[in-house]
Every structure is written in C-alpha cells, then in structure tokens.
Amino acid sequence: MKMIPLSADTRRDITAQLLKRSPDSYQGYEERVKEIIRNVRERRDEAVFGYTKQFDQVEIDAETVRVSADEIKEAYAAIDQKLLDVIRRSCANIRSYHEKQRRYSWFDSKPDGTMLGQKITAIGTVGVYVPGGSAPLASSVLMNIVPAKVAGVERIIMATPPAKDGRVPVTSLVAACEAGADEIYKVGGAQAIAAFAYGTESIPKVDKIVGPGNIYVALAKKAVYGTVGIDSIAGPSEILVLADESANAHYVAADLLSQAEHDPLASAILITTSETLAQKVSDEIEEYLKKLSRAEIIRKSLDNYGFILLADSMEDAIDTANQIASEHLEIVTDNPFEVMMKIKNAGAIFIGEYASEPLGDYFAGPNHVLPTNSTARFFSPLSVDDFIKKSSIIYYSKDALAQAKDDIIAFANAETLTAHANSIRVRFENGQE
C-alpha cells in the first residue's frame, strides 16, 4: 500500500482516482450492453438462451431455465447442515433488523372536513440479481431478498448465472429458499437484467431490479432504469479505516484485506494519525499476503487503490473520510463513538475493534448492499424502503374546499393555468357555497 502524508491535494487526487472505478467511466462497454438489451427485448427467450450458451457455456431452454423443485430438494440434501444453520441464523438477524424499518400508512383527519395521508404499498414484483463468478455470494442473496419479503413484496424472482454443470450453486439456492424467493432462474449478466425489464416467454417482467453485479450488469441496470425501478448502480467494494495509536495493527490489516480480496478494483484505505501504526499495518499486510488464498487479487487491489494516509489530526482524518464517503467505514480510535458522531458520509459504520467489516457482510443484520463511489453522500443502504411505494391521500369536504377555493383559483390564475382554476370554480357555480 502507498503511504502518503494527508493534504488537500492528496485528498482531492485520491478521491478522483477512486471515482475512475465508477460504472460511469466505462462508456466503452455501453454499446455492447445496449445490443444485448435490444436482442433480449426483440428475441426474448431465444436471445437469453443464446447468451447463456455464449457467456456461461451452459445450454438452457424453456424447460430448464427455472430451478425445479427437484433441484431445490437436491441442494438441501447436499448442503452442510452446519452451514445451513449459519444461513438460518444470519437470515433471522437480517429479518429482525429490517422489520424495524417497516413503514405504515397514516391518515390525519381534521374537524374542518379534510383528511390527508400517505398509503404505503409494497412493490408487486421484484427481480433480485445475484452475481456468480469465482465466489458465489449467498450472503447477497439474503441481503436482497429478506428486506423485500419484510416489505411485503408479493413475487420475488431471483436470477443468477448457472455454474458449468448448469445448476445454481448449492449455497445460493438454499439461501434464496430460506430468504423467501418465489422463483429462481439460471440466467446472468446483462441478459438477465433485460429479461427482468421487458419479460420473455419464460421469465416474467418485474417492477424493480435490485442486486449487485459486474460492469455489464451495472450498465444494463442503468440502461433499463425508467422502464423498471432499480436500487442503485453498484461499483467495486471499498473499506476505509479511521484509526489512531490505540488501534490493533494486526486487526486493522486483516480488515483492509477483507475487502481488497473482492476484486482488483476494490479500494482499501487507512487514515491514521499514528505513523507507528501505519508502518505496523503495512508490515502486517505483507505477512498476511504470504498465506491468504486470494493474495494475487489483493495485491493488485492494493497496488491500484490501496492507501495509507497520515493525518496531522483526527479532525483532518474525519474530514477526509467524509469527502471519500466510503462504502464501509471502520472507526478504531480511543473514543470511536465521539468520532462516529462527526461522520456524515458512509454506507455502513463499524465501531470499535470487534465490529469488523465481515460482521456486517454476513451476520449482524444491517444490509450489506451499500452505496459506493462516494454516493454515500446522497444514497443509503438497501432497506425495506426500496421495496415499497407511497401514495398521497387527499380528501376535502365541500365546506373545506369552499374555504380554500379562492386561494387555489388565485394561484392557478397566477400561473395562467385557467383550466386548473376552472376545475375548482365549477364546483361553486350559481353562488353555491
């Protein structure tokens, strides 16, 4: 990792470098993604099956694209019982946390004859995308499906790339069933997103698409937004650790590497006021790299987007953390709760040396689908709110409208919208109040 004194210039340069990983920086892929979407929209199943053979080397058809009851039964028979128990405990924690996010309709009725309110309705059909790749993420299955289920979504459909044997990985399949998926399809990539957005003979159209994926998936979600809703455009994973001299270098190094192993584009940053800690963390990282299985990926990540920033003060460190607005932020300082109160921009905040980032990834309960690429400045973690919609409720009696009519007519006339004014006026023609 590069060790750099923190300054206004380095803060600006690092932020700019991190933003280069955004899907917005990969315009070269957009035409290919648009072509896939066009083909799926026009040729439907035929295109989806063709792309699955081309990209995943798996032949599927209308009979095999959907995971069958027998495949689910086989997955439950194959999974290690201890792992199943872990998945169930994790699922329970995630459900418990998200149940506290539930919103309810409300109505405010007043004696003057008015009633205003807000009606909460769950989204009808949600498509959950789960990436495949070198490390199938059963945890992402839980994090995307459970809040949808808690929100009351009637139909939850999952799509994920098939493995070489034409099946969905056992852990992902079991996790989907435990979380409450209604249907599971063996389709990945931009073609899965297009199928969700427009529907095919085999795969139903959905109202909203959620879930992470590679650059093709991210750009496809961006392209179909408006036809369907989406959660966000996810970028590569990030961790930022704020630490002072009280931090345990052995722990800090381990936590930084827990995100660097995701992807060569992942970012791992330590901001510290202690030069001694900085050097110890650097040494610890080198020792870890001698024994970790994904060391090659980690080293590429650290070479490109790994930084140790030496700050003159904790205030400077906090300001920098707020500017970077990292996906995951760990606070390992002498008084972490005091520091936490000054953090404005972060996807998830982990407090103290025993709240390491993987705790949030797998088990604690808060969602691990988080804003990346500095979007924590204005986006939030995936939540129950992402699976509901709100309708405003307005009721006025005739007497209540009579009290407001002159104000409404005046406002409409001021905007030269005479039909608006007339819509109110006609209700009180012939002097009827």
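Source: prediction; values computed, not measured. Index from 1, following the sequence.
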So do the side chains of [X] and [Y] get within less than 4.5 Å of each other, counting heavy atoms only?
X    : Y    : value
V65  : F49  : yes
M158 : V141 : yes
L142 : C91  : yes
V241 : I271 : no
R294 : H262 : no
E245 : T273 : yes
Y185 : V67  : no
D182 : K149 : yes

To the nearest 0.5 Å, tell me how far [X] [atom1] sits from [Y] [atom2].
X    : Y    : atom1 : atom2 : value
D207 : R155 : CG    : CZ    : 10.0 Å
T171 : I87  : OG1   : CD1   : 6.0 Å
H420 : F411 : NE2   : CZ    : 11.5 Å
E154 : I123 : CD    : CD1   : 12.0 Å

I want to check a possible cation-pi pair here: K405 against F428, using under 6.0 Å from ring centre and within 45° of the ring axis as the test.
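Geometry flag: set, cation within 6.0 Å and 45°.
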S237 (side chain) donor-acceptor with Q259 (main chain) under 3.5 angstrom
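Checking the backbone N and O of Q259 against the side chain of S237, no donor-acceptor pair under 3.5 Å is found.
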Hey, does the side chain of T372 reach the backbone of E327 with a donor-acceptor pair shorter than 3.5 angstrom?
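Absent.
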Would D334 and S246 count as having a side-chain donor-acceptor pair, cut-off 3.5 Å?
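Side-chain D/A pair, D334 to S246: absent.
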Establish, from distance only, whether the side-chain atoms of D361 and S139 form a donor-acceptor pair under 3.5 Å.
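Short answer, no.
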Could you check whether the rings of F350 and H328 sit parallel, tilted or perpendicular, using 30° and 60° as the cut-offs?
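Judged by the thresholds at 30° and 60°, the geometry between F350 and H328 is tilted.
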Salt bridge (charged side-chain N to carboxylate O under 4.0 Å, His left out) involving K390 - partner list, sequence neighbours excluded
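K390 satisfies salt bridge (charged side-chain N to carboxylate O under 4.0 Å, His left out) with no residue once adjacent residues are dropped.
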Give a yes or no on whether [X] atom [atom1] has more than 12 heavy-atom contacts from other residues, nucleotides or ligands under 6.0 Å away.
X    : atom1 : value
R103 : CZ    : no
Q118 : CD    : yes
E99  : CD    : yes
Y362 : OH    : no

Are the charged groups of [X] and [Y] less than 4.0 angstrom apart, N to O?
X    : Y    : value
K221 : D231 : yes
D9   : R12  : yes
R38  : E35  : no

Do you know which of V150, L382, I156, N144 makes side chain to side chain contact (heavy atoms under 4.5 Å, CB included) with F387?
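Only one option passes, and that is L382.
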Using the benzene-type ring in the case of Trp, are the ring centres of F196 and Y129 under 6.0 Å apart?
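No.
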